[in-house]
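What follows is a short report on a single structure.
Below, read A as the first sequence line, B as the second, and so on, with proteins coming before strands; counting in each chain starts at 1.
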Amino acid sequence: MTVLNLLDQLNPEQRQAVESDAQHLLVLAGAGSGKTRVLTHRIAWLIAAGLASPYSVLAVTFTNKAAREMRGRIEELLETPSHGFWIGTFHGLAHRLLKAHHETAKLPANFQVMDSDDQLRLIKRILSEMNISDERVQPKQVQWFINQQKDEGRRAQYVTSHGDWYQDTLKDIYVRYEELCQRSGLVDFGELLLRAHELWLENPELLAHYQQRFTHLLVDEFQDINTIQYAWLQVLAGNKLSMTIVGDDDQSIYGWRGAKVETIQTFEHDFPGTHIVRLEQNYRSTAAILDAANAVIANNPARLGKNLWTEGERGDPIRLYAAFNEQDEARFTADEIQRLIDGGTNPNDIAILYRSNAQSRVLEEALIHSQIPYRIYGGQRFYERLEIRNSVAYLRLILNRQDDAALERIINVPTRGIGNKTVETLRVVARDQGCSLWQAGLFAIENSVLTKRAANALEDFMLLIADLEEAITDLDELGKMVKTVNEASGLIEFHEKEKGEKGRARVENLQELVSAVQSFAGNDEADTPMALLGQFLGEASLDAGDRQADEFEDSINLMTLHSAKGLEFDQVFLVGLEEGLFPHKMSMNDPGGLQEERRLAYVGITRARHQLTLTYAESRRLFGSETFNSVSRFVREIPGELLSEVRLRSSVSRPVSFGLQQDMAIDHAGLSLGQRVRHPMFGEGTLLNAEGGGAQARVQVSFDDGSERWLMVQYAKLEGL
DNA sequence: TTCCAGATATTTTTT
DNA sequence: ATATCTGGAA
């Protein structure tokens, strides 16, 4: 593709951004305004115009998926393979740097990345070691604290304590945690970033090398950046590199993970000479959808301000379906999707979005029932499954005996007579000697610290690991190596014995791991199969395993709103629009949280190209008990004329002026949804719904005899209980 | 030490 | 509803 062709496909603003020769460029890009397009075209343009080489460009994203997509698009544009490019997530790039300079970073060559589950285990272990009951200090809290500190770029020694016990304890735990990680050669997600940052600061020559190499730094989704990530970028950029950052403050949805929206605002000051381009023309959605999105997000104060517009058509109104309960909601959604597919819509262009993963279950059931193929993003990730983590732990321990997290995980899986007591003894030894659990094991056997039986079991285990290592060292394929480990460790057998569907699924997953490993290419740095295995393990913990979804047949898409960011679909079903669920009750109390929820709603709405369908359930079985939530405020923030209510089993829809009716009816009766009521004739029941106001007010009651009735409030003489 | 049953806690989003 | 933890029996 020539330089000219590259620019041809762009509108004036996009073009301005792509060709900008300002030293720094900030692109404020609304949803669907061609943000990624600008970024990829800019990279392609820089290279095609000879301003940069593939080796001098560093592009950073937040998700692996985004990184892969960007890579693919650039390859398409430039019509060349993109091996030379550094494109990746912050974590992925940090990992790559630390691997390359592990000595400088004071890490063992085979250091491993710990995911949050490993992290939590380690913390629990520290708590018990320090004799802190997990009632006084909750492990989750500690984990949150440590991650937060790392996101802020703060090492344990810099944690300020103002003499309060809780804070001091957290600090002590953090100190101990760092010690143990360092000794085991483990790094958590935050550590990757923190170390990569320190790598720059402490090694000016190294930094200079990279500053010389890279001429252009590009960052996607800049609104999601946290303190340490920004610091890392700033140091790298120095005052020489050219920065291009792209973002949308209205789509900042990772505040809970330490992302700072403000950074996008201060960027201008931190990098003088920044040219700002706004992309406000939307190419994705119909006007109706855009209007709805704009109306919702307008309720947030302190925005940078943007107004999306489109030249496209008005489109159908947004459909709203009030489901009776979550089953009904799922059934409705499945039926509608079936209709769309029958009508010729490609299933790939349909998505169901929800706030939290727990909601997917009912939807899945309904889809299975209707035999609609679906793929599900996120949720239980492949590499987070128990059996996969066990298998990976074996591999990790084979590669690195100091990996305490891996050892603890599988020392008694499958059960082999090494119980809590033995492990506890090992921990004590490890602490006294300041060594790893593996070394503690050696010590314990030599010095007969353990009972005969325990020592035997332990020795068997240690021999097993040694044998496994020997067995796989000479194998030439990763697949064979993993297969061998799965079988010889007894994992396959262990899970086969598990009863029911579960066991079979686990064995299948283990086989799936073998093929995943088999197709892992790695890069040329690994010269032996063992080294390649190490590389695979390193990347696996950073990999959500979301690739698997792409390989299946045409299917509709299920995902959380968070994972939907950056994607678009012709048909979007946004389900579970209830107060407490979305906005989530955890976020409802603080204004910042609520605003983030609203941005999440904005993200959700703007995923839709042609049509958006919103649903909510008047009653929902949640955590085992029935809950009654009113419709989400976000629905009420959409102007009534943009909405049309869908009635069950009827294609007729009518405009709805939403919000007031229900509330009035209820106010009038002095009752509330979900309340228990008594009727003189029908007995007791639960208030399900209400409509109309004043003399016309009617309520729907589900009576305990199983009947459901609409009653006029005026005449029904309902008694609240 | 293992296994099982029953109690108990835990409900957001992800690299 | 589910996963995780705990305690007690085998």
### Query
Can you check whether A:His91 and A:Phe62 have ring centres sitting under 6.0 Å from each other?
no

How many Å lie between [atom1] on [X] and [atom2] on [N], as a whole number?
X: A:Tyr254; N: B:dT15; atom1: OH; atom2: C1'; value: 9 Å
X: A:Leu120; N: C:dA3; atom1: CG; atom2: C1'; value: 13 Å
X: A:Arg361; N: C:dA1; atom1: CZ; atom2: P; value: 10 Å
X: A:Trp144; N: B:dT14; atom1: CH2; atom2: P; value: 18 Å
X: A:Leu186; N: B:dT15; atom1: CG; atom2: P; value: 20 Å
X: A:Glu221; N: B:dT13; atom1: CD; atom2: P; value: 19 Å
X: A:Leu386; N: C:dT2; atom1: CG; atom2: C1'; value: 15 Å
X: A:Arg409; N: C:dT4; atom1: CZ; atom2: C1'; value: 13 Å

## Note on the structure
Sorted by chain and number, sequence neighbours left out, side chain to side chain donor-acceptor pair (under 3.5 Å) with A:Ser489 holds for none

### Summary
Sequence neighbours excluded, the answer for side chain to side chain donor-acceptor pair (under 3.5 Å) partners of A:Arg389 is A:Asp115, A:Asp117, A:Asp118

### Message
Please classify the nucleic acid contact of A:Phe90 as base, sugar-phosphate, or nothing, using heavy-atom distances under 4.0 Å.
### Response
nothing

For nucleotides 1-3 of chain B, which of its nitrogen or oxygen atoms have a protein nitrogen or oxygen under 3.5 Å away, and what is each distance?
unit_1	atom_1	unit_2	atom_2	d
B:dT1	OP1	A:Thr422	OG1	2.6
B:dT1	O4'	A:Arg453	NH2	3.4
B:dT2	OP1	A:Gly417	N	2.4
B:dT2	OP2	A:Asn412	ND2	3.1

### Task
Using the six-membered ring of A:Tyr602, assess whether NZ or CZ of A:Arg599 lies under 6.0 Å from its centre and within 45 degrees of the ring axis.
no

### Task
Establish, yes or no, whether the cationic atom of A:Lys99 lies under 6.0 Å from the six-membered ring centre of A:Phe111 and within 45° of the ring axis.
yes

### Message
Is it the case that the side chain of A:Asp328 and the backbone of A:Ala323 share a donor-acceptor pair, with hydrogens and angles ignored and the cut-off at 3.5 Å?
### Response
no

### Where at least one partner belongs to residues 453-464 of chain A, residue pairs that pass side chain to side chain donor-acceptor pair (under 3.5 Å), sequence neighbours excluded
none

### Query
Residues two or more places apart in sequence or in another chain: which of them pass salt bridge (Lys or Arg N to Asp or Glu O under 4.0 Å) with A:Arg155?
A:Glu178, A:Glu191, A:Glu198

### Task
Among A:Thr422, A:Leu458, A:Ile465, find the one that has a side chain to side chain contact (heavy atoms under 4.5 Å, CB included) with A:Ile411.
A:Leu458

### Message
Taking B:dT12 as the reference, what is the distance to C:dC5 when you measure between their C1' atoms (whole Å, please)?
### Response
23 Å

Provide a list of protein-nucleic acid N or O atom pairs under 3.5 angstrom, restricted to nucleotides 8-12 of chain B.
unit_1	atom_1	unit_2	atom_2	d
B:dT12	O2	A:Arg355	NH1	3.0
B:dT12	O2	A:Arg355	NH2	2.2

